[in-house]
Amino acid sequence: MTGLRLGPLLRQVDWESGTAATVWVETDRACTAEVRCDQGGSGSARTFLIAGHHYALVPVTGLTPGSSTAYEVLLDGERVWPPEDSALPPSTIRTPAAGSDAVRVTFGSCRWAARPAHGHDPVGPDALDTLAARLASAPDQDCPDVLLLLGDQVYADETSEATGARLAARRDPDVPPGSGVADYEEYTWLYDESWREPDVRWLLSTVPSCMIFDDHDVIDDWNTSTAWLADMRATPWWHERIVSALMSYWVYQHLGNLSPAELAADPLYEAVRSVPDGTATLRAFAEKADSDPSSARWSYRRDFGRTRLLMVDTRAARILDEQSRSILDPGEAQWLREQAMDGPGSFDHLLIGTSLPWLLPPLIHHAESWNAALCRGERGERWSRFGEKLRRNADLEHWSAFPSSFEELTRLITKAGSGPDAPATVCVLSGDVHHAYVAEPDWSRVREGAEAVARPDARVLQLTCSPVHNSVPRPIRIGFRFGWSRAGRRLGRAFARHGRTGMPLVRWRRTGGPWFGNQLMTLTLRGRSASLRLEQARAERGGGRGRLTTLFERRLTEGGGPSGG
């Protein structure tokens with residue numbers, strides 16, 4: 001009998017029609033995967049083969065708008081999901097009612113999936129696991145309409161003890177990449193570890209998900225600089241790592257981000273499915289995506305009624321030349337501008353999902369801009385060498401480390417949030433930095449002469465939530481707190497003077513946080529109103545998996561017209 005190796009993952013629910021969805025599965029052999037819903041709706045797909053693994057993305061049609069229906073998965077006609085002995089609720093597909101303008105978006109990043117087999121979890125309860133447990137006990141209570149996973153879904157360079165043991169049994173752990181993954185097969189082990197835990201597996205089967213990668217999906221500080229990339233390409237193991245990373249990301253994460261219409265028009269998806277073994281085809285695509293990042297677009301757009309989500313790749317699409325550094329290549333930047341400005345008045349909320357925060361603590365922002373100036377030679381060759389070394393050691397590679405990109409995004413956000421058809425909110429959703437905070441531009445302190453960033457009509461917020469399951473050392477916690485302080489701002493201005501960077505287009509203030517711990521944020525959007533909640537996973541007395549505790553809740557906008565900044 002054919003077995004279900006991983007999944008199902010409910011990836012898409014069509015918000016335009018409310019009648020279609022997509023479900024991703026991995027099986028242990030070639031077969032036809034089928035999804036059948038209790039209240040009508042079904043679909044099937046033949047598996048495709050990549051590196052000895054079998055996958056299918058099943059299009060489900062015939063659903064009823066505004067409904068909730070349980071579903072089962074069959075492989076070659078044999079039911080394999082839900083498991084016979086499962087105590088969890090049925091996996092369900094919830095569809096929006098026609099014309100629905102309400103959506104609940106839960107997001108976070110940085111989930112180190114492995115927990116110790118016995119004893120205390122040193123990084124605390126997993127927020128995704130605690131969310132799954134809460135929803136399993138009350139499936140209809142505050143269930144997200146979509147789960148946004150904003151990077152570091154797997155850690156290719158920080159494997160668990162169990163995965164490390166598997167790697168050591170397969171190859172010499174003293175030979176690079178050592179305890180990091182080396183190839184596609186080893187990447188599949190990371191996804192097994194991340195998605196197979198029963199409660200999380202059930203959660204992903206019943207809540208649609210959108211994903212984007214960050215550095216640890218490949219390696220820490222991926223694409224920091226030209227010099228960094230040259231050093232990596234000089235190693236004997238890097239080529240296989242990056243090609244396998246992009247291949248596995250396409251299969252496990254990116255493919256499910258695409259709508260049925262996008263899938264139907266995707267030549268790579270068609271090519272992989274049209275041959276007995278799609279490995280060579282996908283590998284050729286990944287090798288070209290590495291050598292020519294402009295050949296692949298990992299960014300994508302999703303519309304949830306009158307809420308628009310733009311998920312932006314800030315890793316693979318970088319221009320690294322010191323004299324023209326950009327976090328997005330020209331094609332990617334143009335795509336983002338077009339999507340943000342498309343159909344003014346057709347959306348009430350604009351969400352920009354980027355793994356890296358746009359607005360950082362001011363000290364860190366100035367330090368990164370100063371470092372970028374040093375690296376491009378603003379203070380001479382000796383300072384340039386020092387800047388490169390500092391950049392790698394201190395992880396100085398966010399939006400502010402690409403000053404022109406920071407200003408371009410600031411101008412775009414201002415433009416998209418201005419005018420009579422402006423959305424009520426423009427929210428930048430980010431992770432990466434292993435803590436959570438809310439920051440807002442201070443439009444009363446726009447840089448003199450910066451007419452292009454006059455106060456917008458929309459309320460603009462940076463919403464940062466990380467980690468889902470990881471930790472941050474105490475000294476770094478202190479550093480982040482200091483980065484928001486008056487003294488930190490003054491030190492940041494000193495960096496700006498030394499680097500001759502000037503002040504950013506806008507200044508900003510922290511209006512919530514910082515919070516440290518394993519956590520998730522939820523945006524509830526209805527019409528032009530918006531509210532935000534931060535929940536943190538707290539350990540329960542006497543052990544156990546923990547529970548989610550609300551630390552912050554705030555109304556961001558009321559209904560009606562644009563609320564202002």
Side-chain angles (χ1 to χ4, degrees), residues 103 105 107 148 150 306-312 314 327-328 333 336-337 339-342 344-362 365 398-400 403 405-431 433 436-447 450-465 484 503-513 521-525 527-534 552 554-565:
V103 61
V105 179
F107 63 95
L148 307 186
L150 295 168
R306 290 186 60 83
T307 294
R308 177 171 298 172
L309 168 68
L310 304 178
M311 286 284 256
V312 184
T314 54
I327 208 163
L328 305 177
L336 180 58
R337 288 191 296 270
Q339 300 305 316
M341 301 306 300
D342 182 37
S346 63
F347 52 95
D348 292 322
H349 304 277
L350 176 61
L351 310 181
I352 299 175
T354 161
S355 62
L356 305 176
W358 164 53
L359 302 179
L360 286 164
H365 175 94
H398 298 81
W399 283 91
S400 46
S405 296
F406 176 86
E407 294 209 351
E408 287 175 11
L409 181 60
T410 302
R411 293 181 189 277
L412 176 61
I413 287 171
T414 306
K415 185 176 181 181
S418 300
D421 293 325
T425 66
V426 179
C427 298
V428 180
L429 314 182
S430 306
V433 290
Y437 61 89
V438 179
E440 299 187 53
D442 184 350
W443 300 105
S444 67
R445 306 185 71 187
V446 172
R447 193 174 75 192
E451 295 86 359
V453 290
R455 178 189 182 106
D457 298 288
R459 186 170 187 182
V460 176
L461 301 107
Q462 168 69 62
L463 305 177
T464 303
C465 185
W484 289 108
M503 291 294 105
L505 286 175
V506 295
R507 299 183 188 181
W508 54 95
R509 65 191 188 280
R510 175 175 51 85
T511 56
M521 274 185 178
T522 297
L523 267 174
T524 301
L525 309 169
R528 295 183 69 81
S529 71
S531 61
L532 177 69
R533 182 174 71 240
L534 174 85
F552 176 84
R554 179 177 294 173
R555 173 79 69 173
L556 303 178
T557 64
E558 303 294 339
S563 64

### Query
Is Ile327 close to Val312 at the side-chain level, that is, under 4.5 Å between some pair of heavy atoms?
no

### Taking every non-hydrogen atom, the tightest pair across Gly417 and Pro423
CA-CD, 4.2 Å

### Task
Give the C-alpha distance, both sets of side-chain angles, the deciding distance and a yes or no for side-chain contact (heavy atoms from CB on, under 4.5 Å) between Tyr437 and Leu360.
CA-CA 9 Å; Tyr437 61 89; Leu360 286 164; 4.0 Å; yes

### Summary
Of Ile413, Thr464, Leu350, Leu461, the one forming a side-chain contact (heavy atoms from CB on, under 4.5 Å) with Val428 is Ile413

### Message
As a quick check of understanding, evaluate side-chain contact (heavy atoms from CB on, under 4.5 Å) for Leu505 and Arg411, giving each step before the final call.
### Response
CA-CA 9 Å; Leu505 286 175; Arg411 293 181 189 277; 3.6 Å; yes

### Query
Which pair of heavy atoms, one from Glu440 and one from Thr511, lies closest together, and at what distance?
OE2-OG1, 3.2 Å

### Query
Can any side-chain N or O of Arg308 pair as donor or acceptor with the backbone N or O of Ser346 at less than 3.5 Å?
no

### Message
So, taking the atom named CD in Glu558 and the one named CZ in Arg459, what distance separates them when rounded to the nearest 0.5 Å?
### Response
10.0 Å

### Message
Between Arg507 and Asp442 (salt bridge meaning N to carboxylate O under 4.0 Å), is one present in this structure?
### Response
no

### Side chains of Lys415 and Arg337 in contact at under 4.5 Å (non-hydrogen atoms)
no

### Query
Any side-chain heavy atom of Trp358 sitting closer than 4.5 Å to one from Ile352?
no

### Query
Do Val506 and Thr414 have side chains that get closer than 4.5 Å, going by heavy atoms?
no

### Message
Restricting to non-hydrogen atoms, name the atom on Cys465 and the atom on Ala436 that form the minimum distance, rounded to 0.1 Å.
### Response
CA-CB, 4.0 Å

#### Entry: Student check: side-chain heavy atoms of Leu359 and His365 closer than 4.5 Å
no

### Task
Using a 4.5 Å cut-off on heavy atoms from C-beta on, say whether the side chain of Thr354 contacts that of Trp399.
yes

### Task
Would you name the heavy atoms of Phe406 and Pro504 that are closest together and state the gap between them?
CE2-CB, 3.9 Å

### Summary
For Leu356 and Ser430, the nearest pair of non-hydrogen atoms, with its separation, is O-OG, 3.4 Å

### Message
To the closest 0.5 Å, what do you measure between SG (Cys427) and CG (Leu556)?
### Response
6.5 Å

### Query
With a 3.5 Å cut-off and no angle check, do the side chains of Thr425 and His349 form a donor-acceptor pair?
yes

### Message
Are Met521 and Leu429 packed together at the side-chain level, in the sense that at least one heavy-atom pair is separated by less than 4.5 angstrom?
### Response
no

### Message
Could you check whether any side-chain heavy atom of Asp348 comes within less than 4.5 Å of a side-chain heavy atom of Leu525, counting everything from C-beta outward?
### Response
no

#### Entry: With sequence neighbours excluded, residues passing side-chain contact (heavy atoms from CB on, under 4.5 Å) with Ser355
Asp214, Thr314

### Message
side-chain contact (heavy atoms from CB on, under 4.5 Å) for Leu328 and Glu408? Distances and angles first, verdict last.
### Response
CA-CA 10 Å; Leu328 305 177; Glu408 287 175 11; over 6 Å; no

### Task
Output the distance between atom CZ (Arg533) and atom CG (Leu523), rounded to the nearest 0.5 Å.
10.5 Å

### Task
Could you pull out the closest heavy-atom pair between Ala422 and Arg528, with the gap in Å?
O-NH2, 3.0 Å

### Message
Applying side chain to side chain donor-acceptor pair (under 3.5 Å), can you list everything that pairs with Arg554, at least two apart in sequence or on another chain?
### Response
none

#### Entry: Derivation of the side-chain contact (heavy atoms from CB on, under 4.5 Å) call for His398 and Val433
CA-CA 10 Å; His398 298 81; Val433 290; 3.9 Å; yes

